[in-house]
Amino acid sequence: MTTGTEPPATEPRPESGGVRGAARAAIAAPHLRTDRWWLAPAGTAAGLLAFIVYSTWRAFANADYYAAPYVSPFYSPCLAENCEPMNAGPNWEIFGSWWGISPAIIILIFPLGFRLTCYYYRKAYYRGFWASPPACAVAEPHGKYTGETRFPLVLQNLHRYFFYAAIAVAAILTYDTVLAFRDETYAWGHMGLGTLVFLVNIVLIWAYTISCHSCRHIVGGKLKHFSRHPVRYRMWQWVGKLNARHMQLAWASLVSVALADFYVYLVASGAFDDPRFF
C-alpha cells in the first residue's frame, strides 16, 4: 500500500543527511511554503543587528553617558575609577585606575547575558542568524543537530544565574529612575522629559525581567499542591500572564533601554535640552 510519501521513479531522491535522511519524507523541494516566510526571521535579524551595532558604539564611546540627573542604563552602575562623578549616583569604584577602557563593558555583560540566554531571544537569533530553522516547515541547512548540548550553546544553561544578575541591575536602574526626579543642581521635586523616559524604561525592564520563564519556575516551580501555597500560586498566575507577552516585552524593553541611553546622549552632548514639567 502506498502512503503518498514516495516520489515517482523519475524524480531524483533528495540528498541524504539531516532532514533529507531516509527516515524522513522524500520531498525533493526544500519546502512547500508559498508565503513570505523569510520576512519574520529577516526582520528579527535586522532588529537585533541594529541594537548590536548601536549598543557596541555606545559601550565603547565612553562619553556622553551622564547629564545630571540622568545616567545612561548602559553605564549603570559605573564600576570603574574613570567614571564621571555622579552626585549620589551609581559610582562604585571597584575597578581602579588600571581599567582604561569604557566602564560600560563591565556591566553590560550581565543584562546582555540575560537576554542572550532568554528563551525568546534564543528562538529569535536561532532563526534570524543561524537558520535553525529559519521558519516553521522550512528545513534548517545544517546536516547535524546537537541542540544545546555542546559549546557554546551549552552555556544557555546559565540563564537562571543571569536572571539573578538581571534582578540586581533592574534594582539599580530603579534607583537611577528615582534620582531622575531631581534637577541639574540635584534639587529634589522636579520632573523632566528624561524622567518620563526613565519611568517607561524601568517599567518595561521589570515587566520583561519578571515575565522570564526562569522567574515563573522560581515562583511556582516544584509545587505539588498549589492549594497549600496560595500566595505563590497567585504570583505564579500573575507571572504566567506576563509570560504570555514575553516576546512583546522583550522587544519593547530592548527599544526602551536604547532610547533611554540615546536620550542621555543627546542631553549630555548638548544636542538637546531636557524639557522640565515642574
Side-chain angles (χ1 to χ4, degrees), residues 46-115 166 168-206 208 250-278:
L48 292 178
L49 186 61
F51 180 81
I52 291 172
V53 171
Y54 173 78
S55 59
T56 301
W57 165 60
R58 287 294 293 139
F60 282 95
N62 195 20
D64 300 323
Y65 58 84
Y66 180 68
Y70 311 123
V71 55
S72 164
F74 289 176
Y75 287 80
S76 183
C78 216
L79 302 179
E81 190 176 287
N82 62 348
C83 294
E84 292 188 21
M86 296 177 278
N87 190 303
N91 278 105
W92 303 345
E93 299 178 358
I94 298 177
F95 292 77
S97 58
W98 59 271
W99 184 268
I101 61 177
S102 171
I105 306 300
I106 307 172
I107 193 62
L108 276 179
I109 187 174
F110 298 106
L112 288 180
F114 175 60
R115 287 184 182 267
V169 171
I172 295 170
L173 295 182
T174 302
Y175 175 72
D176 295 342
T177 304
V178 173
L179 295 181
F181 284 91
R182 304 179 301 173
D183 62 12
E184 62 277 4
T185 63
Y186 307 108
W188 287 96
H190 299 274
M191 180 178 180
L193 179 59
T195 311
L196 184 60
V197 171
F198 272 53
L199 279 172
V200 172
N201 178 57
I202 196 58
V203 169
L204 291 174
I205 289 291
W206 274 114
Y208 166 65
W251 280 105
S253 60
L254 192 73
V255 172
S256 71
V257 73
L259 287 178
D261 171 81
F262 188 64
Y263 187 87
V264 175
Y265 166 75
L266 291 177
V267 177
S269 62
F272 181 75
D273 291 328
D274 180 45
R276 290 288 169 175
F277 299 138
F278 57 83

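As a basis for the values below, the full set of heavy atoms in this structure was taken, side chains included, without hydrogen atoms, waters or symmetry mates.
- Minimum interatomic distance between Tyr66 and Pro85 (heavy atoms only, all atoms of both residues): CE2-O, 3.7 Å.
- Asn201 places none of its side-chain heavy atoms less than 4.5 Å from the side chain of Tyr263.
- Nearest heavy atom pair, residue Ala80 against residue Pro103, reads CB-CB, 3.9 Å.
- Counting only heavy atoms from C-beta outward, the side chains of Tyr65 and Phe74 never approach each other to under 4.5 Å.
- The shortest heavy-atom contact between Arg182 and Ala88 is NH1-CB, 3.9 Å.
- The list of salt bridge (Lys or Arg N to Asp or Glu O under 4.0 Å) pairs with a residue in residues 82-103, not counting sequence neighbours, is empty.
- Minimum interatomic distance between Ser253 and Arg115 (heavy atoms only, all atoms of both residues): OG-NH2, 2.8 Å.
- You'll find the side chain of Asn82 reaches within 4.5 Å of the side chain of Asn62, heavy atoms only.
- Note that the OH atom of Tyr54 and the OH atom of Tyr265 stand 8.5 Å from one another [nearest 0.5 Å].
- Pairs of residues two or more places apart, or lying in two chains, that qualify as salt bridge (Lys or Arg N to Asp or Glu O under 4.0 Å) and include a residue from residues 256-267 are Arg58-Asp261.
- Here the side chain of Tyr75 pairs a donor or acceptor atom with the backbone of Ala59 at under 3.5 angstrom.
- Here the side chain of Ser76 pairs no donor or acceptor atom with the backbone of Ser72 at under 3.5 angstrom.
- Across Val200, Ile172, Val203, Leu199, a single residue satisfies side chain to side chain contact (heavy atoms under 4.5 Å, CB included) together with Thr177, and that is Leu199.
- Sparse packing is recorded around CG of Asp273, with 12 or fewer heavy atoms of other residues, nucleotides or ligands lying under 6.0 Å away.
- Of all heavy-atom pairs spanning Leu204 and Ala252, the tightest one is CD1-O, 3.7 Å.
- Residues Leu48 and Trp251 meet the side-chain proximity criterion, which asks for heavy atoms closer than 4.5 Å.
- Summarising the geometry, atom NE2 belonging to His190 is positioned 9.0 Å from atom CZ belonging to Phe278; distances are rounded to the nearest 0.5 Å.
- Around the CZ atom of Phe181, the shell of radius 6.0 Å holds more than 12 heavy atoms that belong to other residues, nucleotides or ligands.
- For Asn91 (side chain) and Met86 (main-chain N/O), a donor-acceptor pair under 3.5 Å exists by modelled atom type.
- Heavy atoms of other residues, nucleotides or ligands lying less than 6.0 angstrom from CZ of Phe60 number 12 at most.
- In this structure, the side chain of Thr195 engages the main chain of Ala180 through a donor-acceptor pair within 3.5 Å.
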**Request:** Check the pair Trp206, Thr174 against side-chain contact (heavy atoms from CB on, under 4.5 Å), reporting the backbone distance first and the verdict last.
**Result:** CA-CA 9 Å; Trp206 274 114; Thr174 302; 2.7 Å; yes
**Request:** Would you please test Val257 and Phe51 for side-chain contact (heavy atoms from CB on, under 4.5 Å) and show each step?
**Result:** CA-CA 10 Å; Val257 73; Phe51 180 81; 4.1 Å; yes
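- Side-chain contact between Ile202 and Tyr175 is absent, with no heavy atoms from C-beta onward closer than 4.5 Å.
- Taking 4.5 Å as the limit, some side-chain heavy atom of Asp176 sits within range of a side-chain heavy atom of Pro90.
- Annotation for Ile106 and Trp99: closest pair CG1-CZ2, 3.4 Å, computed over non-hydrogen atoms.
- Asp274 has its side chain out of reach of Glu184: every pair of non-hydrogen atoms, C-beta onward, lies at least 4.5 Å apart.
- Using a 4.5 Å heavy-atom cutoff, the side chains of Phe272 and Leu193 are in contact.
- Heavy atoms from other residues, nucleotides or ligands lying under 6.0 Å from CD1 of Ile109 number 12 at most.
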